[in-house]
2 protein chains.
Amino acid sequence: MTLEAEGFEVETYNDGQSALEAFNRRMPDMAVLDIKMPRMDGMDLLQRMRQKTSIPVIFLTSKDDEIDEVLGLRMGADDYVKKPFSQRLLVERIRALLRRQEAINTGEAAATEETRMMERGALRMDPLRHSVTWKGLEVSLTVTEFLLLQALAQRPGFVKSRDQLMDVAYDDQVYVDDRTIDSHIKRLRKKMRSVDDTFSAIETLYGIGYRYNEE
Amino acid sequence: MTLEAEGFEVETYNDGQSALEAFNRRMPDMAVLDIKMPRMDGMDLLQRMRQKTSIPVIFLTSKDDEIDEVLGLRMGADDYVKKPFSQRLLVERIRALLRRQEAINTGEAAATEETRMMERGALRMDPLRHSVTWKGLEVSLTVTEFLLLQALAQRPGFVKSRDQLMDVAYDDQVYVDDRTIDSHIKRLRKKMRSVDDTFSAIETLYGIGYRYNEE
DNA sequence: AATCACCTTGGCAGAACTGCGGCAAAGGGT
DNA sequence: ACCCTTTGCCGCAGTTCTGCCAAGGTGATT
């Protein structure tokens with residue numbers, strides 16, 4: 001299959017049953033289903049899969065089951081491709097869906113209000129993974145650094161005073177010197193510069209506090 | 001028996017004959033059979049039971065009758081547990097089987113292997129068989145280790161705090177020091193290293209918890 | 001330009017955290 | 001009663017993180 005030549009990792013199954021097993025086992029990033037399959041057709045399979053995740057699904061339909069297209073989409077398929085189809089077409093549609101999914105994942109989706117993923121310009125923060133990337137490069141932060149950056153990036157362009165930042169990083173009973181925030185900002189900037197020596201997104205407001213600037 | 005403490009309703013019989021009678025009378029949700037029993041051994045009993053229903057059956061085997069394991073599975077047993085076994089292991093296997101049965105019942109069609117294998121990179125876990133392999137090599141884990149690894153591997157790349165891991169491995173009432181998790185992770189890593197001394201899939205995040213990384 | 005206020009940065013000691021060996025106590029099978 | 005496995009925890013040593021200091025810079029103000 002040329003899908004592999006395109007850099008995708010692919011697994012193929014000839015019936016719905018084994019496809020479902022494989023799905024549960026591997027949790028793929030997306031699925032391409034034929035409507036007609038032995039041992040469980042595409043519709044049933046889609047329904048089962050939707051109970052677990054919401055990955056992108058493309059249906060393959062032949063002329064005979066055109067009627068099913070609407071039904072399929074309504075059931076949660078993301079796209080369908082009519083047989084016969086060209087390799088290129090399928091690859092394109094797959095790419096498009098994965099791009100869209102990526103956008104959703106990085107943008108809003110994920111968990112709750114506070115723990116969700118954040119994207120601000122070249123910065124990405126994912127609390128659930130405790131991972132931070134700047135221009136695509138992983139930066140390894142400590143808990144305190146992570147919290148401070150999160151607080152700042154939360155509202156790009158808005159100043160946060162040291163007191164406000166302390167509230168984010170410490171429990172109420174804990175008190176530390178103002179200048180300690182400066183220390184953390186220092187280390188934060190240093191780590192960011194270690195992956196991008198032009199980093200300047202954290203600005204100092206003389207006498208006020210710090211500010212994260214997007215762009 | 002502590003199975004009752006786990007919320008199961010249990011009846012015990014010391015020979016195959018009375019077990020069969022009880023079986024016909026009560027129609028249980030599942031059965032745990034010893035291979036060796038007076039008045040009718042596990043094999044015969046299984047055969048009789050299978051004529052009526054297809055409830056999950058677990059065999060208990062001792063070293064002497066290892067040969068029977070294959071035979072037993074072929075005859076329709078769903079799982080077997082080697083003696084000596086720990087209370088917790090048995091409970092875990094029973095739960096897994098009941099879960100699967102439940103899935104089959106509600107998901108109507110034969111969703112047989114639904115809750116079966118989990119593959120994450122070089123790791124494979126089979127909750128039903130309580131078996132784990134790393135790069136194809138069998139690793140023998142205790143119940144606690146198994147649960148922790150399962151929880152971590154469930155979502156590769158996501159951090160799990162010690163608290164979250166404790167939730168997975170312990171009942172709500174049980175409380176243990178969170179450094180105990182460290183001990184289990186230690187043993188887990190050690191066992192994994194014993195089959196692959198480069199093992200490093202379980203990462204520590206300072207001040208946060210642990211994370212399973214694929215590849 | 002002089003002065004004062006406020007920041008940045010390197011350095012450092014103590015605090016916090018983790019890995020590991022080891023041990024004693026359950027827990028439960030025989 | 002005896003034994004083996006599993007488990008929770010302790011303590012030490014090594015590592016990482018953090019709060020603060022002090023020296024030197026930068027910005028504001030007069």
Side-chain angles (χ1 to χ4, degrees), chain A residues 130 140-149 159-163 165-166 168-171 174-194 197 199-200 202-211, chain B residues 1-6 12 32 34 36 60-65 81-92 130 140-149 159-163 165-166 168-171 173-194 199-200 202-211:
Chain A
H130 190 76
S140 141
L141 301 184
T142 70
V143 184
T144 316
E145 288 154 5
F146 192 97
L147 290 172
L148 292 178
L149 180 56
V159 198
K160 293 257 196 273
S161 69
R162 293 183 174 69
D163 279 341
L165 292 173
M166 282 195 280
V168 174
Y170 304 96
D171 292 336
V174 185
Y175 290 104
V176 296
D177 192 296
D178 266 36
R179 314 261 113 240
T180 297
I181 296 295
D182 298 30
S183 282
H184 287 293
I185 297 290
K186 160 188 65 177
R187 291 170 191 131
L188 194 42
R189 283 169 167 161
K190 191 172 175 182
K191 284 185 180 175
M192 300 305 272
R193 276 196 307 257
S194 76
D197 50 14
F199 179 86
S200 63
I202 298 177
E203 187 187 357
T204 309
L205 281 296
Y206 192 93
I208 314 277
Y210 295 95
R211 177 167 67 184
Chain B
M1 191 81 152
T2 7
L3 271 180
E4 262 130 5
E6 295 289 333
T12 319
V32 179
D34 201 323
K36 298 229 190 304
L60 301 182
T61 66
S62 52
K63 285 200 187 85
D64 317 341
D65 35 48
V81 173
K82 287 184 194 132
K83 291 195 238 187
F85 56 87
S86 75
Q87 189 83 18
R88 295 191 65 197
L89 178 64
L90 183 58
V91 171
E92 192 207 26
H130 187 81
S140 142
L141 300 184
T142 70
V143 179
T144 314
E145 288 154 5
F146 189 92
L147 290 173
L148 291 179
L149 181 57
V159 194
K160 296 259 194 268
S161 68
R162 293 182 175 71
D163 280 339
L165 293 172
M166 283 195 281
V168 173
Y170 304 96
D171 293 335
Q173 306 91 298
V174 186
Y175 218 74
V176 296
D177 192 301
D178 65 354
R179 294 294 262 86
T180 297
I181 296 295
D182 297 30
S183 283
H184 288 294
I185 296 289
K186 164 187 65 179
R187 291 169 190 135
L188 192 42
R189 283 170 169 160
K190 192 172 176 182
K191 285 184 179 177
M192 300 305 272
R193 276 197 306 262
S194 75
F199 179 86
S200 63
I202 299 177
E203 185 187 0
T204 307
L205 292 150
Y206 192 101
I208 314 266
Y210 295 96
R211 180 166 68 181

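Residue numbers begin at 1 in each chain, while the letters A, B, ... track the order of the sequences.
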By side-chain hydrogen bond (donor to acceptor under 3.5 Å, both in side chains) - contacts of A:T204 (at least two apart): A:R189
Any residue meeting side-chain hydrogen bond (donor to acceptor under 3.5 Å, both in side chains) with B:R187, in chain and number order, not counting sequence neighbours: none
ring-ring contact (aromatic ring centres under 6.0 Å, His included) involving A:F199 - partner list, sequence neighbours excluded: A:W134
Partner set under side-chain contact (heavy atoms from CB on, under 4.5 Å) for B:V176, not counting sequence neighbours: B:M166, B:Y170, B:V174, B:T180
B:R211: salt bridge (Lys or Arg N to Asp or Glu O under 4.0 Å) partners, not counting sequence neighbours: B:E203
With B:F146 via ring-ring contact (aromatic ring centres under 6.0 Å, His included) - residues at least two apart: B:H130
Range on DNA chain D touched by chain B - first to last nucleotide, heavy-atom distance under 4.0 Å: D:dT6 to D:dC17
Any residue meeting salt bridge (Lys or Arg N to Asp or Glu O under 4.0 Å) with A:R179, in chain and number order, not counting sequence neighbours: A:D182
A:R162 versus A:D178, closest heavy-atom pair with distance: CD-O, 3.7 Å
Sequence-aligned protein contact record of nucleotides 9-22 of chain C, with B where the base is within under 4.0 Å of a protein heavy atom and S where only the sugar-phosphate is: BBB----BSBBBBB
side-chain hydrogen bond (donor to acceptor under 3.5 Å, both in side chains) partners for B:T142, two or more places apart: B:E145
Partner set under salt bridge (Lys or Arg N to Asp or Glu O under 4.0 Å) for A:K160, not counting sequence neighbours: none
Net bend of the helix from C:dA1-D:dT30 to C:dT30-D:dA1, end axes of five pairs each, nearest 10 degrees: 30°
